[in-house]
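Working notes, beginning with the structure itself.
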Amino acid sequence: MFHVAVIAVLVALVLAVFRALAGPGVFDRMLAANSIGSLAILLLAGLGFLNGRPEWLDIGITYGLLNAVSTLAVLKFFRHGDLAFDAEDEA
Amino acid sequence: MKQDVILRVGVKTVFPFILMFALYVHFHGDYGPGGGFQAGVIIAAGIILYALVFGSAAAKRVAPVAVVERLVPAGVLIYVFGGIPGLFAGKRFLDYTVYAQDPLHGHEWGVFIVEGGVIVTVAATMIAIFYAFGDRARG
Amino acid sequence: MSRFLELLGHYNYFVTIFLMMAGLYVVIARGNMIKKLVGMSLFQTSVYLLYISPGKILGGTAPIVDARFAVYSNPLPHVLILTAIVVGVATLALGLALVVRINEAYGSVEEDEIFARDGKTRDGKTRDGETRDGES
Amino acid sequence: MELAINAVLLTLLVAISLGIIRQRSLFGVVLLAGAYSFLIASILIVLDAVDVAMTEAAVGAGISTVVLLATLHLTGSMEYPKPRPAVLPLFVCAVTGVALIWGTWDLPGFGVAVAPIHQATVPEYLRVAEAHLIAPNVVTAVLADYRGYDTMGETTVVFTAGIGVMLLLRGRRKVGADAGLDAKPGAKT
Amino acid sequence: MALLIDALSWLCIVTGSGFVVVGAIGMVRMPDLFTRMQAASLIDTVGAGLLLFGFMLQAGFGLVTVKLVVLLALFFFIGPMVSHALAQAALHEGVKPILAEDRRGRLDRKAKAGGK
């Protein structure tokens with residue numbers, strides 16, 4: 001049954017990579033990159049159960065955190081340009 | 001992004017758990033994937049996330065520049081000093097069996113100290129790099 | 001069938017070499033320095049694959065010892081690459097810092113423009129502040 | 001199954017790397033590099049390198065994206081529109097690639113346990129670990145214990161790189177030199 | 001009882017897989033950024049939720065389940081945060097959603113052009 005999950009996630013990964021390569025705008029690429037991160041977490045969980053060693057979900061948590069960090073960094077770059085931008089500076 | 005309520009609340013909630021999780025990765029490194037290098041990078045990522053949402057001035061209150069810059073060499077020194085007791089005991093540099101009677105426990109203590117050095121250096125270096133790039137932008 | 005499986009196994013090496021060449025191509029064919037650095041990290045990841053792929057044993061599991069398993073993949077390449085990754089990002093940051101300084105000194109990160117500008121200054125008309133900046 | 005997953009992920013990796021080569025906006029390159037590092041982390045999971053996968057995801061997707069974006073802010077994010085002639089580099093890469101692929105024919109097959117890499121030193125590590133003389137995670141144990149000198153060197157390299165970045169980027173910008181250069185036509189990309 | 005739990009986790013995993021694939025197809029097929037985002041959020045919420053819940057049922061009580069819960073909480077926390085930021089940045093940047101009026105207008109124009 002874990003095969004089903006892993007295959008589904010792989011199919012979704014192929015489609016997400018297609019969107020990342022084809023995506024007309026920057027935001028489409030960003031969305032696809034974020035989805036690739038989420039799918040990598042699901043793939044990791046599925047593979048862990050498939051191989052009988054599910055105790056490595058820590059790696060998945062790391063992926064999730066770093067996915068959020070990189071996406072927020074990109075978005076902040078888009079809004080302010082400067083990654084270390086402060087609202088206090090503006091005032 | 002400081003005005004953004006959703007991001008602010010979300011990051012404020014997640015931030016302590018990131019640091020806790022980094023410590024878990026560090027101390028659980030003997031029994032699962034993890035260790036000093038990974039934990040250091042995760043701590044740095046947590047601080048960077050904080051700096052992204054609250055601005056770098058707020059992040060510098062959490063991790064002051066002076067402290068971070070002193071921690072960069074401090075980690076290497078912890079590593080090196082972790083190896084020196086072996087020399088005094090007449091054994092080789094980085095020989096951990098001197099730390100306890102039982103060689104296994106000695107190895108565990110040695111790995112613990114050395115990994116402590118690694119996490120300090122890696123985390124501090126990554127944060128210092130981020131600060132350096134961020135400060136350059138404002139001249 | 002076995003021939004196909006053998007090729008599928010060698011696919012790892014093919015992809016590794018493809019990525020290596022892709023990185024090399026970006027480094028030598030593109031003039032933008034940031035893109036060159038990204039190409040260098042492509043090359044670097046191909047080296048990770050080159051080390052990790054031979055360490056895998058089919059049917060084995062990750063080298064975290066547990067009573068339930070008997071066959072483990074090779075941990076030694078993992079150790080070498082683990083440290084290489086962290087060092088890799090530190091050196092990438094160093095390279096990017098150099099690029100930032102080059103951009104401040106020359107006003108460009110394109111190799112062609114920098115060479116053109118250097119050619120101009122080398123014809124006797126040296127600008128003091130700039131050369132001193134470049135040397136320090 | 002392992003081989004099939006591996007093959008699919010490697011193909012996606014090739015696709016993303018082609019995308020990185022073709023992409024002219026540096027911003028897009030950074031985004032694709034993030035996706036690339038998630039994919040390579042997944043491949044490392046399939047190849048049983050869990051510690052490496054964790055590090056690669058953390059470093060590649062998190063830190064290097066942030067550092068690259070910070071650099072883009074300082075330098076400007078469009079690649080120079082005029083492409084260079086690509087025939088010679090392509091030729092060099094193709095020749096080198098073919099030579100390297102020719103070299104792989106003699107390598108042992110993928111995933112066989114009798115390959116030479118698995119014969120020396122590693123069985124000893126695994127035996128010691130199974131006898132509970134070192135930590136169960138062999139990677140951490142070898143990293144900090146057997147190869148302690150190596151890791152000390154790596155830590156020193158990280159430290160040196162950090163110091164180098166600080167030396168290059170801290171301190172005041174030379175405003176005069178900067179302004180003089182920027183006034184020249186064509187200085188900004 | 002074991003059979004029941006097995007069947008339930010089967011159901012969850014298969015449905016979750018279905019949602020993941022549907023979300024990914026939507027991400028490729030939808031016409032503009034915002035609809036694509038909505039399709040992609042299917043992966044982050046229903047797909048990931050059902051898959052991880054199915055895995056939880058398989059894992060039983062233990063550290064693995066705790067980690068899965070943490071992972072699920074992370075998905076539910078960070079997914080909406082990131083989508084919110086993404087949509088806001090896109091709107092801020094001037095990306096316009098394709099509205100029903102645009103579509104109807106185009107259809108009307110087409111109909112008129114066909115009629116005349």
Side-chain angles (χ1 to χ4, degrees), chain A residues 2-3 6-7 9-11 13-14 16-23 25-41 43-44 46-48 50-51 53 55-56 58-74 76-78 80-85, chain D residues 1-2 4-9 11-20 22-23 25 27-46 48-74 76-77:
Chain A
F2 299 122
H3 288 81
V6 169
I7 289 171
V9 172
L10 276 181
V11 171
L13 257 180
V14 173
V17 167
F18 173 77
R19 179 46 76 196
L21 291 176
V26 177
F27 290 105
D28 289 296
R29 281 184 221 284
M30 208 184 303
L31 177 68
N34 193 27
S35 297
I36 288 174
S38 301
L39 289 171
I41 299 173
L43 182 70
L44 164 80
L47 278 175
L50 192 64
N51 296 334
R53 303 200 78 175
E55 57 266 30
W56 302 325
D58 324 358
I59 309 175
I61 300 173
T62 318
Y63 284 17
L65 291 176
L66 272 301
N67 200 6
V69 170
S70 68
T71 312
L72 287 181
V74 170
K76 181 157 187 187
F77 180 81
F78 233 86
H80 302 299
D82 181 3
L83 285 186
F85 176 84
Chain D
M1 187 69 191
E2 278 175 316
I5 297 171
N6 192 19
V8 171
L9 288 174
T11 314
L12 291 182
L13 204 63
V14 169
I16 292 261
S17 71
L18 284 176
I20 289 179
R22 287 182 50 81
Q23 185 69 238
S25 144
F27 193 68
V29 168
V30 173
L31 288 177
L32 286 180
Y36 178 91
S37 101
F38 272 118
L39 279 179
I40 202 159
S42 302
I43 291 174
L44 291 173
I45 295 273
V46 176
D48 285 347
V50 280
D51 289 86
V52 188
M54 198 174 196
T55 321
E56 168 63 30
V59 160
I63 307 288
S64 46
T65 306
V66 168
V67 174
L68 278 168
L69 286 176
T71 313
L72 287 191
H73 172 58
L74 291 167
S77 62

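Numbered from 1 within each chain, the chains take letters A, B, ... in sequence-line order.
- At least one side-chain heavy atom of D:Leu9 sits less than 4.5 Å from a side-chain heavy atom of A:Leu43.
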Stepwise side-chain contact (heavy atoms from CB on, under 4.5 Å) check, A:Leu66 with D:Thr65: CA-CA 10 Å; A:Leu66 272 301; D:Thr65 306; over 6 Å; no
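- The candidate with the highest count of non-hydrogen atom pairs below 4.5 Å against chain A, out of D:Gly28, D:Gly19, D:Ala15, D:Gly34, is D:Ala15.
- Of the two parts of D:Ala4, neither the backbone nor the side chain holds a non-hydrogen atom closer than 4.5 Å to a non-hydrogen atom of chain A.
- Both the backbone and the side chain of A:Asp58 come within less than 4.5 Å of a heavy atom of chain D.
- The minimum heavy-atom distance between A:Val69 and D:Val66, with the atom names listed, is CG1-CG2, 4.3 Å.
- For A:Ile7, the part lying under 4.5 angstrom from a heavy atom of chain D is the side chain only.
- With sequence neighbours left out, D:Thr55 forms a side chain to side chain contact (heavy atoms under 4.5 Å, CB included) with B:Gln38, C:Leu82, C:Ile85, C:Val86, D:Val59.
- Counting heavy-atom pairs under 4.5 Å between each of D:Ala58, D:Ser37, D:Ala53, D:Ser42 and chain A puts D:Ala58 at the top.
- One distance of note links CD1 of A:Ile61 with CE of D:Met54; it measures 8.0 Å at 0.5 Å rounding.
- Closest of all the heavy-atom pairs between A:Phe77 and D:Leu69 is CE1-O, 3.3 Å.
- With chain D as the partner, the residue from A:Val26, A:Ile36, A:Val6 showing the most heavy-atom pairs under 4.5 Å is A:Val26.
- Proximity to chain A involves both the backbone and the side chain of D:Leu31, based on heavy atoms less than 4.5 angstrom apart.
- At least one side-chain heavy atom of D:Ile5 sits under 4.5 Å from a side-chain heavy atom of A:Leu47.
- Summarising the geometry, atom CH2 belonging to A:Trp56 is positioned 9.5 Å from atom CG belonging to D:Asp51; distances are rounded to the nearest 0.5 Å.
- The residue among A:Leu65, A:Asn67, A:Asn51 with the most heavy atom pairs within less than 4.5 Å of chain D is A:Asn67.
- Between A:Tyr63 and D:Phe38, the angle of the ring planes goes over 60°, which puts this pair in the perpendicular group of the 30/60° scheme.
- Checking A:Val11, A:Leu10, A:Leu13 one by one against D:Val8, the side-chain contact (heavy atoms from CB on, under 4.5 Å) holds for a single residue, A:Leu10.
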